[in-house]
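A short write-up of the structure that comes next.
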Amino acid sequence: MSGRFISFEGIDGCGKSTQATLLAEHLTDRGIAVERTREPGGTAVGEGIRAALLASDSVTPVAEAHLFAAARAELVATVICPALQAGRWVVCDRFIDSSLTYQGVARGLGIDAIWDLNRGAIGDCLPDLTILLTISMDEATSRRGAQLDRIEREGQQFQRRVAQGYAMLAERFPERIVAVDGNGAVEVVQQRVIEAVDA
Ligand code: TYD
């Protein structure tokens, strides 16, 4: 039997890495074999692309979109598909929706263009469920801390466009994307995530 694929999405500082880890632990406790991975990264090639993307001073938007798609293609082919085929569940910190909103909306390349680029990279491998953690801009900014990567340094206007993009995606893919309130204590948000997964 094929496993289930769950991705986590949200603006920088929304808490998705913490919640992805907690969900993976929760599923493991329930006896489910889980592959916890992240984007960009999760493979040797992907971690190399991640370092180049986040540490460089500047990357043109089109090159940025292709690099994220390349890291994703590698992750899908070598980690996600094999895990799902072996019956394991996959919990992934970010997936295609990050590209659709960061590159498609916030960078202005267009959702459809980024969709086409990524469909070549991932084929039919889409999440069964995407948890979109929503959070106030101020809360996210205060959670981000002082060490910001290149994309986080784009500032609040950029993050606002990312959040608008996520809202558009949640309307466009209502059968897959579930918005979960990410404000509040970690345990409270975790409970909301578990309810969304159970539903
Ligand atoms: P993230 O994992 O959130 O960074 P961190 O673990 O440091 O919190 O992701 C790194 C950044 O890459 C983040 O700002 C979002 C961005 N990103 C894109 O712009 N497009 C993409 O397709 C992906 C996967 C991430």
Side-chain angles (χ1 to χ4, degrees), residues 5-24 36-43 45-76 79-80 90-122 125-127 130-135 137 139-166 168-169 173 177 182 186 189:
F5 179 11
I6 300 173
S7 63
F8 277 81
E9 295 282 355
I11 61 172
D12 290 281
C14 72
K16 64 187 169 34
S17 306
T18 305
Q19 292 301 332
T21 299
L22 288 172
L23 178 66
R36 157 82 166 89
T37 187
R38 71 165 181 179
E39 279 209 350
T43 63
V45 167
E47 292 295 333
I49 292 175
R50 178 187 184 90
L53 271 167
L54 299 181
S56 313
D57 285 341
S58 90
V59 182
T60 58
V62 172
E64 188 181 82
H66 278 80
L67 286 169
F68 279 118
R72 183 165 301 126
E74 186 73 8
L75 185 70
V76 166
V79 176
I80 296 179
V90 173
V91 174
C92 193
D93 188 343
R94 296 195 180 280
F95 197 63
I96 189 170
D97 302 293
S98 285
S99 284
L100 296 176
T101 188
Y102 280 81
Q103 281 66 54
V105 177
R107 294 278 193 229
L109 296 178
I111 290 178
D112 291 334
I114 298 299
W115 179 259
D116 290 345
L117 171 69
N118 276 274
R119 281 317 287 256
I122 67 173
C125 183
L126 274 173
T130 296
I131 306 274
L132 169 60
L133 286 179
T134 59
I135 185 174
M137 207 52 69
E139 179 72 23
T141 305
S142 74
R143 283 188 197 176
R144 279 205 286 277
Q147 281 289 78
L148 302 183
D149 63 42
R150 181 178 58 83
I151 293 180
E152 288 167 337
R153 285 196 299 273
E154 297 283 349
Q156 276 219 2
Q157 269 309 97
F158 184 84
Q159 294 291 331
R160 227 169 247 122
R161 290 201 295 279
V162 171
Q164 283 164 0
Y166 275 131
M168 286 159 59
L169 293 171
F173 304 108
I177 302 181
V186 170
V189 178

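Indexing begins at 1, ligand by ligand and atom by atom, following the structure's order. In this text, all values refer to a predicted model and were calculated from it rather than measured experimentally.
Some N or O of Arg94 is nearer than 3.5 Å to an N or O of ligand 1, by distance alone. Between Asp93 and ligand 1, no pair of N/O atoms sits closer than 3.5 Å. Checking only distances, Arg50 does come within under 3.5 Å of ligand 1, N or O to N or O. In terms of polar-atom proximity, defined here as any N/O pair under 3.5 Å, Asp12 does make such a contact with ligand 1. In terms of polar-atom proximity, defined here as any N/O pair under 3.5 Å, Arg38 makes no such contact with ligand 1.
Smallest separation of non-hydrogen atoms from Leu169 and Asp97: CD1-O, 3.7 Å.
Taking the charged nitrogens against the carboxylate oxygens, Arg161 and Glu154 have no contact shorter than 4.0 Å, which rules out a salt bridge. A salt bridge links Arg150 to Glu64: one of the charged nitrogens lies within less than 4.0 Å of a carboxylate oxygen. Ion pairing of Asp12 with Arg94 is present here, as a side-chain N (NZ or NE/NH1/NH2) and a carboxylate O approach within less than 4.0 Å.
Compare Phe68, Tyr102, Phe95, Phe158 by their heavy atoms: the one nearest to atom 25 (C) of ligand 1 is in Phe68.
Between Arg38 and Arg50, the closest side-chain pair of non-hydrogen atoms falls below 4.5 Å. Side-chain contact between Leu23 and Phe8 is present, with at least one heavy-atom pair separated by less than 4.5 Å.
In terms of protein heavy atoms, atom 16 (C) of ligand 1 is closest to Ile151 CD1, 3.7 Å. Among all non-hydrogen protein atoms, the one lying nearest atom 10 (C) of ligand 1 is Leu54 CD1, 3.8 Å. Among all non-hydrogen protein atoms, the one lying nearest atom 8 (O) of ligand 1 is Glu152 OE2, 4.1 Å. Closest to atom 19 (O) of ligand 1 among all protein heavy atoms lies Gln103 NE2, 2.9 Å. Atom 22 (O) of ligand 1 has as its closest protein heavy atom Ser99 OG, 2.5 Å.
Contact annotation: for Arg72 versus ligand 1, heavy atoms closer than 4.0 Å belong to the side chain alone.
Geometrically, Arg72 engages Phe95 in a cation-pi contact defined by less than 6.0 Å to the ring centre and at most 45° from the axis.
Atom numbering of ligand 1 starts at 1 in the shown order; those under 4.0 Å from a heavy atom of Asp149 are 7 (O).
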### Task
Please report the C-alpha distance between Asp116 and Arg119 in whole Å, then the side-chain angles of each, then the deciding distance to 0.1 Å, and finally whether the side chain to side chain contact (heavy atoms under 4.5 Å, CB included) criterion is met.
CA-CA 5 Å; Asp116 290 345; Arg119 281 317 287 256; 5.6 Å; no
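The aromatic rings of Tyr102 and Phe158 sit tilted, their planes meeting at an angle between 30° and 60°.
Under a 4.0 angstrom heavy-atom cut-off, Arg107 registers as lying outside contact with ligand 1.
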